[in-house]
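Note that the numbering runs from 1 along the sequence shown for the chain. Both counts, for ligands and for their atoms, begin at 1 and track the order of listing.
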Amino acid sequence: MRLEGKRAIVTGGANGLGAAIARRFAVEGARVAIADIDDRAGMVSADAVATAGGQACSLRLDVTREEDWALVVADLAKRWGGIDILVNNAAIASGLTRIEDRSPEDWDRSMAINAKGPFLGTRMLLPVFRRQGGGTIVNISSVAGLGQSQIMDPAYACSKAALTMLTRITAAQHADEGVRCNSIHPGPIDSDLARIAYSDGDAFARRLLRLPLGRLAKIDEVVSAILFLASDESSYITGAALPVDGAALVQ
Ligand SMILES: NC(=O)c1ccc[n+]([C@@H]2O[C@H](COP(=O)([O-])OP(=O)(O)OC[C@H]3O[C@@H](n4cnc5c(N)ncnc54)[C@H](O)[C@@H]3O)[C@@H](O)[C@H]2O)c1
């Protein structure tokens, strides 16, 4: 059990990658809070964890709202007495676009959910980690946050680049308090989000050409890397940006 005794929050844990993280963390011994704006799907995700023999609860959280974060942290303090792992996974993405086709409102929404949300979560969890003598954050960024951004939605790519820097700053400022913070940078995953982003068949074919492994990532391949960074196996790794991208970024 690689997460025996750990208590984890997974934002966006109701669907897609987040639901798979919640299941795998629970199978590895963690108690998991599925924190999502879609609380109905969150309950289904929590039931799936229970069916797999793990422990999970579903809590409603809009990552852009500070007051929601405060309620989630207070609830978990009562339920579990603390939190050891935060996975900032919730995000939105839209199809590939050019700058002039993105409205200022789209930009603000992407930044609010994909960048400000993880900032609020980090800000809320740091005092908890400090009291406990440490904790671990895994930020789910993207290859768009490191490169290949020219073929992405500009609002998505810039929000993920902000998350890459938030990771480094968190790691540098809080290492002496036992806090580790790393980011994962998946290429396209075989998921609903990728199907929306590449709904145009030509765009999908062009995307595959930029993936040396020649295929999308399987969700479990990405979850394995997240599990490693969340667990004590990566105890000397902090401030790192780990691509899980089929060599997309080294092309
Ligand atoms: N799918 C891919 O190809 C891919 C590639 C690279 C990175 N990623 C990243 O992986 C993560 C998960 O992606 P996914 O494919 O599972 O997406 P998804 O759309 O299937 O799931 C995202 C989840 O976030 C939740 N969410 C959205 N807005 C929220 C908010 N304001 N507050 C709380 N929850 C909110 C949704 O309800 C949903 O459950 C994202 O950070 C995404 O950017 C995905």
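Under a 4.0 Å N-O distance rule, the pair Arg102/Asp153 qualifies as a salt bridge. Arg215 and Asp190 are not joined by a salt bridge, as no carboxylate oxygen comes within less than 4.0 angstrom of a charged side-chain nitrogen.
Remark: Arg7 pairs with Asp84 by the salt bridge (charged side-chain N to carboxylate O under 4.0 Å, His left out) rule, at least two apart or across chains.
At a heavy-atom cutoff of 4.0 Å, ligand 1 is surrounded by Gly12, Ala14, Asn15, Gly16, Leu17, Asp36, Ile37, Asp38, Leu61, Asp62, Val63, Asn89, Ala90, Ala91, Ile113, Ile140, Ser141, Ser142, Tyr156, Lys160, Pro186, Gly187, Pro188, Ile189, Ser191, Leu193, Ala194.
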Tabulate below the donor-acceptor pairs under 3.5 Å that side-chain atoms of residues 62-72 make, not counting sequence neighbours, or state none.
from, atom 1, to, atom 2, distance (Å)
Asp62, OD1, Thr64, N, 3.0
Asp62, OD1, Thr64, OG1, 2.8
Asp62, OD2, Thr64, OG1, 3.4
Arg65, NE, Asp68, OD1, 3.3
Arg65, NH2, Glu67, OE2, 3.3
Glu66, OE2, Arg123, NH1, 3.2
Asp68, OD2, Asp62, N, 2.8
Trp69, NE1, Val63, O, 2.9

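Neither side chain, Ser235 nor Asp232, offers a donor N or O lying under 3.5 Å from an acceptor on the other.
Clustering of Ile, Leu, Val, Met, Phe, Trp and Tyr side chains at separations under 4.5 Å places Ile219 together with Leu3, Val10, Leu17, Ile21, Phe25, Val32, Ile34, Val49, Ile85, Val87, Val138, Ile140, Ile184, Ile189, Val222, Val223, Ile226, Leu227, Phe228, Leu229, Ile237, Leu242, Val244.
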